[in-house]
Amino acid sequence: MAGNGDDSSCGFIGETCINDLPDECLTIVVKFLENWVDRDAFGLTCHRWLKIQSGIRRSIKIQSRDSLSTSHNFFKYLGRLFDRFTALHSVSLSGCIEIPDSALTVFQSAGSKLQHLSLDCCFSITDEGLAYISNGCAALLSLSLYRCNISDNGLGYVARGCPKLEIINLSYCVYVTDSGIAVLSERCPELKSVIISFCRNIQGEGFEKNLSLQCLEAESCRLTDAGLSKTVKGGSLEFLNLSHLHNSIALGSRGFGSIGMACTNLQFLYMRMCRTLENLAVIEISKGCPLLKEWNLAVCQEVSVAGWQGVAQNCRNLEILHVNRCRHFCNTSMHSIKNGCPKLSALYLHGCPNLTATSVELFKQSRSAVRIIPQECMCAAPFFDKFLKK
């Protein structure tokens, strides 16, 4: 008879117990819970509900702890997680600085559904760990290896085992060269977003066969004229960050000018502290990239009046312009921007020694809708992240 004794804990509604509902219905119920605290409480009700709650979890972030400092503990812990959460699509091990390659063997048997994996600052991970990942993660779409000690050999494993890869973060992977990039470009035809910032052994030629590249972050790299020309030749780039290339003496007008010749779809261009950038390349880019919405030219010391006039005349869709600490940005340059760039909404401006306060005030009166921001954006990463989430 319904309602007797211990049965009341089952959650009766009249003569029907909530546990009489099939798993499919309970799965719908737990999906309506607003946060993971409530979902975890749902899972603590009984073993059946725990299984249902575990089965809908799609992502997990594992943080390093002293108790996981040995290879055996890491392997055991990861194995239990994958046994419980059978539908994981996204796993982050970022910050687990002690995790060894051997712990990643679990991905060989449990990584078939994995689409996103982050190993940022996993300093002990090497090419061997990437081999384990490539053996079991054929569905992988994004991989972040920030500051990992991997080389071209490891990228070869990834390229052969993860052909669906779309996004990879290789920033500060100092042993990676154009050879590794070339293998990725050839074997991962859907690769569209790459971060190679501070990879000083990459000159850009490895991207020659990548015709689907949409986003490239190459801050503080040593790109060459030939390398950049081959990088942009596919014509698909929409986001390009070339900031801090002042150490790259082999990159000049020919390389920068190739952006204007190939990147007709480019919308976001960051060239902060590109000290070898000159007027000719700026004019070519302004003419060849009609869709540009944001252009960071801060601390580009060789750009003078002719370059700024080219920006004003040709960038009809530009919304945000950065001119911080440009020594040749003067009153004439400001006047040109005032009379051009019809969609401009924000101008990052400070530290221009040849620009007078009067010229700034005249600009404000004429273009009152444009915000003048006396700050300098030092990093394009937030914009890159936003672009990837479109």
Side-chain angles (χ1 to χ4, degrees), residues 115-119 127 129-131 133-135 137-146 148-242 245 248 250-251 254-256 258-259 261-270 380 384 387-388:
Q115 297 181 2
H116 310 283
L117 177 61
S118 178
L119 298 173
D127 295 339
L130 295 186
I133 292 171
S134 66
N135 286 337
C137 302
L140 202 64
L141 299 178
S142 69
L143 177 62
S144 187
L145 298 169
Y146 171 78
C148 287
N149 290 309
I150 56 97
S151 71
D152 294 338
N153 290 332
L155 293 186
Y157 296 138
V158 172
R160 288 188 287 272
C162 309
K164 297 180 180 180
L165 196 67
E166 297 180 357
I167 302 170
I168 191 166
N169 184 352
L170 298 171
S171 51
Y172 287 95
C173 293
V174 296
Y175 302 114
V176 172
T177 73
D178 282 292
S179 296
I181 298 297
V183 175
L184 283 175
S185 297
E186 183 175 356
R187 291 182 174 267
C188 301
E190 301 302 319
L191 189 63
K192 63 181 181 180
S193 301
V194 181
I195 305 178
I196 55 169
S197 296
F198 298 92
C199 294
R200 302 289 173 80
N201 290 316
I202 296 177
Q203 297 184 347
E205 297 188 19
F207 289 103
E208 183 174 13
K209 294 184 179 180
N210 189 329
L211 303 180
S212 60
L213 190 64
Q214 295 180 17
C215 305
L216 177 63
E217 180 125 13
E219 183 175 348
S220 196
C221 289
R222 297 187 184 277
L223 302 181
T224 64
D225 281 340
L228 183 55
S229 297
K230 292 179 180 179
T231 297
V232 303
K233 66 179 291 186
S236 299
L237 275 171
E238 298 179 30
F239 177 105
L240 180 60
N241 182 8
L242 299 175
L245 294 184
S248 185
L251 180 59
R254 186 167 69 88
F256 288 127
S258 66
I259 298 173
M261 296 175 64
C263 299
T264 57
N265 295 312
L266 196 64
Q267 299 179 39
F268 304 91
L269 178 57
Y270 301 89
F384 185 87
F387 182 84
L388 293 181

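Side chains are part of it too, since the values below use all heavy atoms of this structure and drop only hydrogens, waters and symmetry mates.
- In this structure, the side chains of L170 and I195 stay at 4.5 Å or more apart for every pair of heavy atoms.
- Atom CG in N241 sits 4.5 Å away from atom CD in E217 (nearest 0.5 Å).
- Between C188 and A159, the shortest heavy-atom distance links the atoms SG-CA, 3.9 Å.
- The closest side-chain heavy-atom distance from L145 to L130 is below 4.5 Å.
- Within the 4.5 Å cutoff, side-chain heavy atoms of I259 are placed close to those of L228.
- Heavy-atom minimum distance, A138 versus P163: O-CD, 4.1 Å.
- Here the closest heavy-atom approach between residue A218 and residue L223 is recorded as CB-CD1, 4.2 Å.
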**Request:** Walk me through it: do L141 and K164 pass the test side chain to side chain contact (heavy atoms under 4.5 Å, CB included)?
**Result:** CA-CA 6 Å; L141 299 178; K164 297 180 180 180; 4.2 Å; yes

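- Atom-to-atom distance recorded for I181:CD1 and F207:CZ is 4.5 Å, nearest 0.5 angstrom.
- Side-chain N/O atoms of N265 and E238 include no donor and acceptor closer than 3.5 Å.
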**Request:** Apply the test side chain to side chain contact (heavy atoms under 4.5 Å, CB included) to residues C221 and I196: give CA-CA distance (whole Å), side-chain angles for both, the deciding distance (0.1 Å), then the verdict.
**Result:** CA-CA 8 Å; C221 289; I196 55 169; 4.0 Å; yes

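- At least one side-chain heavy atom of I168 sits under 4.5 Å from a side-chain heavy atom of L155.
- The main-chain N or O of Q203 is found under 3.5 Å from a side-chain atom of D178 such that the two form a donor-acceptor pair.
- E190 contributes atom CD, which lies 6.5 Å from atom CD of E166 (distance to the nearest 0.5 angstrom).
- Between S171 and Y146, the shortest heavy-atom contact is OG-CD1, 2.9 Å.
- A donor-acceptor pair is defined here as one N or O able to donate and one able to accept, closer than 3.5 Å; no such pair exists between the side chain of S220 and the backbone of S197.
- In terms of heavy-atom proximity, C148 sits nearest to L119 at SG-O, 3.1 Å.
- Residues C162 and S134 share a closest heavy-atom pair of SG-CA, 4.1 Å.
- In this structure, the side chain of S185 does not engage the main chain of K209 through any donor-acceptor pair within 3.5 Å.
- Of the charged side-chain nitrogens involved, at least one lies within less than 4.0 Å of a carboxylate oxygen, so that E208 and K233 count as a salt-bridged pair.
- Looking only at distances, a side-chain donor or acceptor of N201 sits under 3.5 Å from a matching main-chain atom of V174.
- Classified by interplanar angle (parallel below 30°, tilted 30° to 60°, perpendicular above 60°), the ring pair F268/F239 is tilted.
- Taking NE2 of H116 as the reference point, atom CG of L140 lies at 8.5 Å (rounded to 0.5 Å).
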**Request:** Assess whether side chain to side chain contact (heavy atoms under 4.5 Å, CB included) is satisfied between D152 and V183, documenting all intermediate values.
**Result:** CA-CA 8 Å; D152 294 338; V183 175; over 6 Å; no

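- Using a distance-only test at 3.5 Å, with no hydrogens or angles considered, no donor-acceptor pair links the side chain of S193 to the main chain of I167.
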**Message:** Does L184 form a side chain to side chain contact (heavy atoms under 4.5 Å, CB included) with V194? I'd like the steps, not just the answer.
**Reply:** CA-CA 10 Å; L184 283 175; V194 181; over 6 Å; no

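- Here the straight-line distance linking atom CG of L237 with atom OG of S212 works out to 10.0 Å at 0.5 Å rounding.
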